[in-house]
Number of protein chains: 2
Amino acid sequence: MFQQFFQFTDRYLRFSEKEKSALEDILIFREVPKKYPLLKIGEIAREVYFINKGCARMFYDKDGEEITGFFFLENMMLSGFESVLTRQPSQQGIETLEPCELVVFSFSAFEELHEKIPRLNIFTRKLLAERFVFAQKVVASLILDSPEERYLNLFQRQPKLLNRVPQHMLATYLGITPVSLSRIRKRIFDGK
Amino acid sequence: MFQQFFQFTDRYLRFSEKEKSALEDILIFREVPKKYPLLKIGEIAREVYFINKGCARMFYDKDGEEITGFFFLENMMLSGFESVLTRQPSQQGIETLEPCELVVFSFSAFEELHEKIPRLNIFTRKLLAERFVFAQKVVASLILDSPEERYLNLFQRQPKLLNRVPQHMLATYLGITPVSLSRIRKRIFDGK
DNA sequence: AGCTAACGTTAACAAAAGATAAGAAAATGG
DNA sequence: CCATTTTCTTATCTTTTGTTAACGTTAGCT
């Protein structure tokens with residue numbers, strides 16, 4: 001049931017069988033349909049998810065418009081991290097883009113588990129370090145690259161993503177409007 | 001010597017005297033002049049800094065131009081985090097903008113200390129969580145807000161910063177050119 | 001003090017993105 | 001399978017930003 005999740009954790013820290021079993025006690029397997037709201041804006045996020053299968057997105061609300069902040073694919077941890085880490089109402093919403101198989105756990109149970117399994121601190125530290133470095137790279141791309149360059153980067157690095165998510169969500173993720181992304185695509189693909 | 005640093009760490013975790021003394025063993029106090037390069041692009045970052053006094057910036061190189069990625073002020077941890085955490089040559093450069101009083105420690109010594117002081121994992125985890133949340137907020141601002149809004153936000157939240165750093169560095173930090181920031185400022189301040 | 005380099009502003013033009021609307025294509029849901 | 005959204009494209013117009021260059025000011029250096 002959770003072997004995919006533990007393959008993921010192995011990349012950061014190899015838990016003992018005893019530690020795994022303590023972790024399993026707080027894990028729940030859950031399937032949700034497409035367009036399922038895992039976190040609504042304004043709620044306090046209490047759960048963290050690991051995606052066994054499927055795809056989801058995090059988004060913000062800007063004057064009634066949904067602006068995508070991130071896409072989550074298989075084998076990624078997913079949550080309203082800002083809310084879960086600060087215990088404040090979430091500015092971020094989360095919804096599935098495909099039917100999803102999720103490993104779910106309550107963040108407070110996870111935090112408490114750090115007392116029982118001190119090595120969990122190492123895992124969480126490494127995970128956060130990786131997420132932090134990635135967030136820095138996203139910031140760098142936003143100030144260094146043009147929207148066109150960002151689209152081309154995505155096209156090269158995650159070509160499969162482009163076929164799994166609607167283009168207008170991709171546009172706001174790149175920091176531009178859907179109309180603008182359509183023009184950029186025309187500029188790129190007409191050129192050759 | 002290091003009391004300011006421990007006031008900072010107290011916000012995350014209260015270390016025992018014994019733990020503090022073990023930490024102090026790897027801390028060094030260092031003063032550096034203005035424009036001092038703490039990390040050159042291409043080098044592997046080995047040190048982490050805490051700013052007692054002064055101001056520095058992190059920057060990227062885009063086709064020979066320096067694009068500011070972040071400003072660091074008093075009571076902040078400062079490093080080429082991307083490089084130090086991945087052990088890869090740094091895409092990020094760091095230089096002081098004012099004469100600085102720094103608390104310096106080697107990152108590898110800090111990492112090793114986690115074995116000796118397991119509670120250090122908690123401190124580092126909390127610090128990384130905070131940095132991650134902040135980086136997320138920066139990403140959100142870059143995709144949600146216009147350059148003008150970002151400047152106004154900065155103007156309200158960190159008015160002192162604007163007088164401590166050159167305007168062209170602020171411009172690239174906001175993701176625009178110095179010329180454009182000059183126009184935005186005119187739009188804003190002429191309007192009233 | 002005087003020289004030089006760095007900095008901020010402004011102007012003129014080009015390029016790109018936003019806003020809005022209209023229409024075609026595709027997906028969705030009974 | 002049809003009707004209804006949703007999504008994507010295209011066009012027009014406006015606004016903003018980028019680019020380049022010129023100019024005055026300031027700051028730093030010797």
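When the side-chain nitrogen and oxygen atoms of A:Gln167 are compared with OP1 and OP2 of D:dT6, none of them lie within a distance under 4.0 Å. Between B:Ser180 and D:dG18, a side-chain N or O to OP1/OP2 separation shorter than 4.0 Å is present. For the OP1/OP2 pair of C:dG18 and a distance below 4.0 Å, the side-chain nitrogens and oxygens of A:Thr177 include at least one atom meeting the criterion. Remark: A:His168 is not in phosphate contact with D:dT6, judged by side-chain N or O atoms under 4.0 Å from OP1 or OP2.
Rounded to 10 degrees, the angle separating the terminal axes of the helix from C:dA1-D:dT30 to C:dG30-D:dC1 is 60°, with each axis obtained from five end pairs.
The CD-C1' distance, from A:Glu65 to C:dG18, rounds to 11 Å in whole Å. The nearest whole Å value for the distance from the CE atom in A:Met169 to the C1' atom in C:dA27 is 13 Å. Nucleotide C:dA16 holds its C1' atom 18 Å from the CZ atom of A:Arg185, rounded to whole Å. Whole-Å rounding puts the B:Ile184 CD1 to C:dA17 C1' distance at 14 Å. Here C:dT20 presents its P atom at 12 Å from CG of A:Asp63, a figure rounded to the nearest Å. A:Leu170 places its CG atom 16 Å from the C1' atom of D:dT9, with the value rounded to the nearest Å. What separates CD of B:Glu66 from C1' of C:dC7 is a distance of 15 Å, to the nearest Å. Summarising the geometry, the separation between CG on A:Leu181 and C1' on C:dG18 is reported as 14 Å, rounded to the nearest angstrom.
Using a 4.0 Å cut-off between charged nitrogen and carboxylate oxygen, B:Glu47 and B:Arg30 count as a salt-bridge pair. Using a 4.0 Å cut-off between a side-chain N of Lys or Arg and a carboxylate O of Asp or Glu, B:Glu95 and B:Arg57 qualify as a salt bridge.
Looking at the side chain of B:Ile176, the nearest of the listed nucleotides C:dA17, D:dT17, C:dT28 is D:dT17. Counting only heavy atoms from C-beta on, B:Arg187 has its side chain closest to D:dT16 among D:dT16, C:dT28, C:dT10.
Among the heavy atoms of the strands, none lies under 4.0 Å from A:Pro178. Across all strands shown, A:Lys34 has heavy atoms under 4.0 Å from sugar-phosphate atoms exclusively, and none from any base.
Looking at B:Gln136 and A:Glu82, their side chains never bring a donor and an acceptor atom within 3.5 Å of each other. Between the side chains of A:Gln92 and A:Tyr60, at least one donor N or O lies within less than 3.5 Å of an accepting N or O.
Annotation: the span from A:Phe72 atom CZ to A:Ile94 atom CD1 amounts to 5.5 Å, rounded to 0.5 Å.
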Item to check | B:Lys62 and A:Glu149: CA distance, side-chain angles, deciding distance, salt bridge (charged side-chain N to carboxylate O under 4.0 Å, His left out) verdict | outcome: CA-CA 13 Å; B:Lys62 171 81 172 180; A:Glu149 288 173 306; 3.2 Å; yes

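Ring geometry for A:Phe110 versus A:Phe105: interplanar angle of 30 to 60°, hence tilted.
Atom CZ of A:Arg11 has more than 12 neighbouring heavy atoms from other residues, nucleotides or ligands inside a 6.0 Å radius. Around atom CZ of B:Arg87, no more than 12 heavy atoms belonging to other residues, nucleotides or ligands sit under 6.0 Å away.
Taken together through direct or relayed side-chain contacts under 4.5 Å among Ile, Leu, Val, Met, Phe, Trp and Tyr, A:Leu120 and A:Leu85 form part of one hydrophobic cluster.
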Atom pairs under 3.5 Å, N or O on each side, protein against nucleotides 11-15 of chain C: can you list them with distances?
unit_1	atom_1	unit_2	atom_2	d
C:dA12	N6	B:Arg183	NH1	3.4

